[in-house]
Amino acid sequence: MDQIMVTTRPHLLSSSLLPLTIQNLQQPFLPSKSKLNQTPNPNSDPSKHQPSITYSFTPSLEQTQQIHAHMIKTQFDHTLQIPLNSLQTHMSPSAQYNFLITSYIKNHHPKLALKLYTQMRRMGTQVDNFTIPSVLKACGQASMELLGRETHGFALKSGFDSDVFVCNALIQMYSECGSLVLARLVFDEMIERDVVSWSTMINCYVRNRVFGEALELIREMHCLQVKPSEVAMISMVSLFADIADVKMGKAMHAYVARNSSNERMVVHVTTALVDMYVKCGNLAYGRRLFDGLAQKSVVSWTAMIAGCIRCNEVEEGVKLFKRMLEERKFPNEITMLSLVIESGSVGALELGKWLHAYVLRNGFVMSLALATALVDMYGKCGEAEYARAVFDSMEKKDVMIWSAMISAYARSNCTNQASELFARMKDSGIRPNQVTMVSLISLCAEVGALDLGKWVHSYINQQRIEVDVILRTALVDMYAKCGEIDAALRLFSEARYRDSRMWNAMITGFSMHGCGKQALELFEEMQRAGVEPNDITFIGLLHACSHAGLVADGKKVFEKMVLDFGLAPKVEHYGCMVDLLGRAGKLDEAHELIKSMPVEPNPIVWGSLLAACKIHKSPNLAEVAARQLLELEPQNCGYNVLMSNIYAASNRWIDVAGVRKAMEDKGTKKEPGLSSIEVNGAVHDFMMGDKTHPQTRKIYEMLAEMIKKLKEAGYTPNTSVVLQNIDEEEKETAVNYHSEKLAMAFGLISTAAGTPIRIVKNLRVCDDCHTATKLLSKIYGRVMTVRDRNRFHHFIEGSCSCGDYW
DNA sequence: GTAGGGTTAG
């Protein structure tokens with residue numbers, strides 16, 4: 001529960017303003033022990049009282065509302081009897097308003113606080129220099145800069161601008177509203193600054209990522225011998241933790257080490273440093289600091305354990321959790337929340353389940369935040385059903401848990417469940433926000449649901465949901481992945497601000513559509529715009545060159561990445577290069593590259609070489625690649641299939657038989673092919689030979705008709721793609737029932753003549769389906785778009801945009 | 001000091 005500090009400052013203790021008096025204080029309004037010692041004797045003469053008193057209260061929102069209602073009833077009378085817990089106070093109307101305003105802010109209801117402030121002024125109640133900082137805080141929280149400025153003006157007129165509290169609050173308010181210049185103006189014009197002024201101004205720069213100025217201020221502060229308080233140091237360290245800036249973090253560490261002398265704060269400061277190091281990925285350093293802590297608090301343990309999990313040291317995290325319990329330190333809600341979040345981030349399902357059970361067994365209150373973290377964790381671990389169980393167990397739901405559940409469905413590609421849930425969300429009056437929309441849009445992108453994606457896009461416009469850079473990126477990506485590259489480009493061009501991710505989405509979009517030149521041009525423009533490319537940019541560019549057969553350009557890009565941008569090529573980049581060279585028939589060069597690469601080749605690298613060997617008919621090199629692949633992934637029989645095809649193409653039937661025998665012996669499995677098609681906003685999935693669709697009978701009738709027409713057009717099924725040891729007729733049936741053909745048949749019977757058909761599949765298009773689809777596009781006069789694992793195929797009038805090169 | 005949901009690739 002949040003702590004509310006009611007602070008009575010010396011200048012407020014005028015004769016008209018009696019100090020707080022507390023009788024029979026009981027829980028939950030119990031102030032901390034140190035504060036209890038300061039509790040004044042209710043019978044003493046207030047005027048002789050000590051000048052500054054601080055009481056800690058923890059009123060919840062409900063309690064605040066009760067007190068509020070009571071204050072209204074007593075018309076803000078000087079003698080106030082708060083009905084809760086026998087708390088009795090004597091407060092001026094101003095003090096009562098101030099108390100309420102502060103309480104609402106602490107309960108994260110800045111708008112209620114501001115409403116009270118408006119009312120306070122309307123009633124003519126005196127606004128003092130205690131009111132102003134609270135009001136400014138509310139303005140900052142609610143990002144209401146206009147009201148903040150108006151309050152600033154009021155403070156100037158009333159002469160409160162010489163009050164250091166007021167000025168600090170002004171800096172903080174402008175900082176939260178993103179107005180750096182105004183914040184700095186207030187700071188510069190302050191007659192008298194305290195430590196808080198400095199750290200607030202520094203935080204303002206850090207929050208807005210103006211690190212140079214922040215460092216400059218820290219230096220200046222040092223020169224003027226203003227020592228940051230421990231609290232200020234901690235907040236600086238934690239800010240660098242949040243933005244994972246280890247360089248600044250280390251600088252702060254050095255600074256803290258030199259300037260921190262407060263023994264009592266050692267645990268807090270060190271914990272902040274531990275958290276900073278682990279969030280920057282330096283687990284070992286964080287651990288060293290943690291181990292050196294003589295007194296570890298629950299917070300220290302939480303930061304350390306969460307850090308272990310985040311860095312994928314799950315077992316070590318569990319060990320530490322157990323050690324924490326042994327040392328009789330017990331996790332709180334934030335501990336559980338943090339650990340659940342980190343479990344999700346690394347996909348540690350078993351740990352996540354264990355934490356869930358721990359929460360239930362140990363009587364934690366299942367707050368919305370904790371439930372949302374669990375939903376998110378299960379979602380990230382691919383367990384949408386577990387996520388749903390947690391979700392359903394919560395009676396009260398808000399936009400965050402809704403979004404988390406939709407995101408869980410999105411990750412599992414459960415389009416229909418996600419859109420159903422979205423409909424329910426709207427019905428129950430919860431307003432979706434950008435986060436909700438991003439989940440839905442990225443789902444549409446993933447499964448290729450263009451109609452749904454378009455509908456969601458129009459909903460965003462209609463509801464005036466702000467399209468920020470993330471949402472715009474998601475939209476660009478969705479249109480590109482759904483085949484509408486022009487719409488993607490339009491959204492991209494209309495953007496006022498583009499970060500590297502948005503550029504990457506557009507470059508990758510061009511790449512998938514085989515638009516190599518456009519991708520390269522866009523990259524030039526990205527450089528002119530001064531946006532730093534990252535490794536993902538180069539993956540997109542290399543793919544683009546590969547799909548468009550631009551060998552020389554691809555080589556240049558690769559070189560540029562290393563020489564101009566100082567990026568170390570990862571195995572993915574080598575994979576792209578092998579693909580690029582291999583497709584172009586430069587098999588030996590590709591092989592040499594693999595042998596010379598400084599990182600261990602993965603299956604994608606060898607797989608690219610193998611696929612190239614298949615296109616360019618090189619069985620000997622194929623064998624080399626296949627042997628490596630089977631060593632790396634003995635369970636994957638896709639390679640065996642390719643190998644068998646390659647042997648078959650060279651009439652090496654004994655080797656074909658050998659591969660088959662090896663597969664039978666190992667009992668290997670192939671990733672099942674899955675094709676989907678969207679009709680009227682619903683996504684229909686098909687597996688090979690699938691008979692689960694409600695319209696199965698009609699689909700198979702259509703399929704028979706398609707095969708008949710294909711044969712009339714001279715098509716013969718290409719059965720070499722089948723590897724089971726079955727007779728030729730069965731093979732033909734197997735090819736005919738490929739998931740892609742089933743989806744195509746469904747598309748043909750359920751959409752109007754002449755309209756395009758769009759199919760998305762999880763594997764590469766097989767040779768037979770590719771040939772068949774080309775013919776079908778002509779036979780039925782339809783534009784057919786197939787998005788496979790790697791790229792788009794646009795089939796028009798009997799030919800494909802990939803130029804049979806994929 | 002630890003604190004719930006989102007984008008590019010794979």
Side-chain angles (χ1 to χ4, degrees), chain A residues 230-231 233-238 241-242 265-276 278-279 293 296-307 331-342 344 367-377 379-380 387 390-391 394 398-408 410-411 432-443 445 468-478 480-481 498-509 511-512 533-540 542-543 570-573 575-576 602 604 789-790:
Chain A
E230 250 82 2
V231 175
M233 292 189 213
I234 287 167
S235 67
M236 289 186 223
V237 172
S238 71
D242 285 344
M265 296 292 284
V266 164
V267 186
H268 293 198
V269 177
T270 312
T271 300
L273 288 168
V274 168
D275 184 54
M276 183 273 293
V278 298
K279 279 196 181 138
L293 259 179
K296 298 175 178 69
S297 70
V298 183
V299 183
S300 325
W301 285 99
T302 302
M304 192 65 236
I305 299 169
N332 57 25
E333 194 198 327
I334 299 172
T335 310
M336 300 317 292
L337 202 54
S338 308
L339 303 193
V340 169
I341 292 164
E342 299 304 349
S367 66
L368 255 179
L370 195 45
T372 307
L374 284 164
V375 168
D376 183 55
M377 180 274 294
K380 284 186 174 139
V390 176
F391 176 83
M394 298 304 288
D398 64 4
V399 66
M400 284 173 111
I401 195 158
W402 279 100
S403 300
M405 192 59 230
I406 288 174
S407 163
R411 278 175 218 280
N433 60 18
Q434 289 141 308
V435 180
T436 326
M437 305 327 277
V438 169
S439 292
L440 282 173
I441 289 291
S442 61
L443 167 63
D468 64 9
V469 62
I470 298 180
L471 184 49
R472 188 174 288 272
T473 303
L475 283 165
V476 167
D477 182 54
M478 183 273 288
K481 286 200 177 129
R498 304 181 188 102
D499 63 3
S500 58
R501 290 173 187 214
M502 198 190 284
W503 286 95
N504 290 352
M506 196 62 231
I507 288 174
T508 306
S511 147
M512 281 186 297
N534 58 19
D535 52 339
I536 296 168
T537 318
F538 286 99
I539 290 173
L542 292 172
H543 268 141
K570 292 185 179 173
V571 66
E572 289 86 353
H573 299 102
C576 294
N602 67 0
I604 294 166
R789 175 178 275 196
N790 287 331

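Just so we're clear, the structure is a prediction, and the values are computed from it rather than from any experiment. Numbered from 1 within each chain, the chains take letters A, B, ... in sequence-line order.
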A:Arg411 vs B:dG6: side-chain N/O to OP1/OP2 distance below 4.0 Å: yes
Salt bridge (charged side-chain N to carboxylate O under 4.0 Å, His left out) partners of A:Lys279, counting only residues at least two apart: A:Asp242, A:Asp275
Side chain to side chain contact (heavy atoms under 4.5 Å, CB included) partners for A:Asp468, two or more places apart: A:Gln434, A:Glu466, A:Ile470, A:Leu471
d(CZ, A:Arg501; P, B:dG6) in whole Å: 12 Å
Nearest-angstrom distance from the residue atom CE of A:Met236 to C1' of B:dG1: 15 Å
Base of B:dG6 paired with side chain of A:Asn433 (donor-acceptor, under 3.5 Å): no
Sugar-phosphate, base or nothing in reach of A:Leu471, heavy atoms under 4.0 Å: base
A:Lys481 side chain near B:dA9 phosphate (N/O to OP1/OP2, under 4.0 Å): yes
Short side-chain N/O contact to B:dT2 OP1/OP2 from A:His268, under 4.0 Å: no
Separation of B:dT7 P from A:Ile406 CD1 (nearest whole Å): 13 Å
Phosphate-side-chain proximity, A:Lys296 and B:dG1, N/O vs OP1/OP2 below 4.0 Å: no
Residue that, paired with A:Met304, satisfies side-chain contact (heavy atoms from CB on, under 4.5 Å) out of A:Val299, A:Thr271, A:Val274: A:Val274
base_contact_polar (B:dG1 base, A:Thr302 side chain, donor-acceptor, <3.5 Å): no
Atom pair distance, as rounded to whole Å: CG in A:Asn332 and P in B:dG4: 13 Å
Under 3.5 Å side-chain donor-acceptor pair for A:Ser300 and A:Ser297: yes
Whole angstrom value for the distance that separates P of B:dG6 from CE of A:Met437: 15 Å
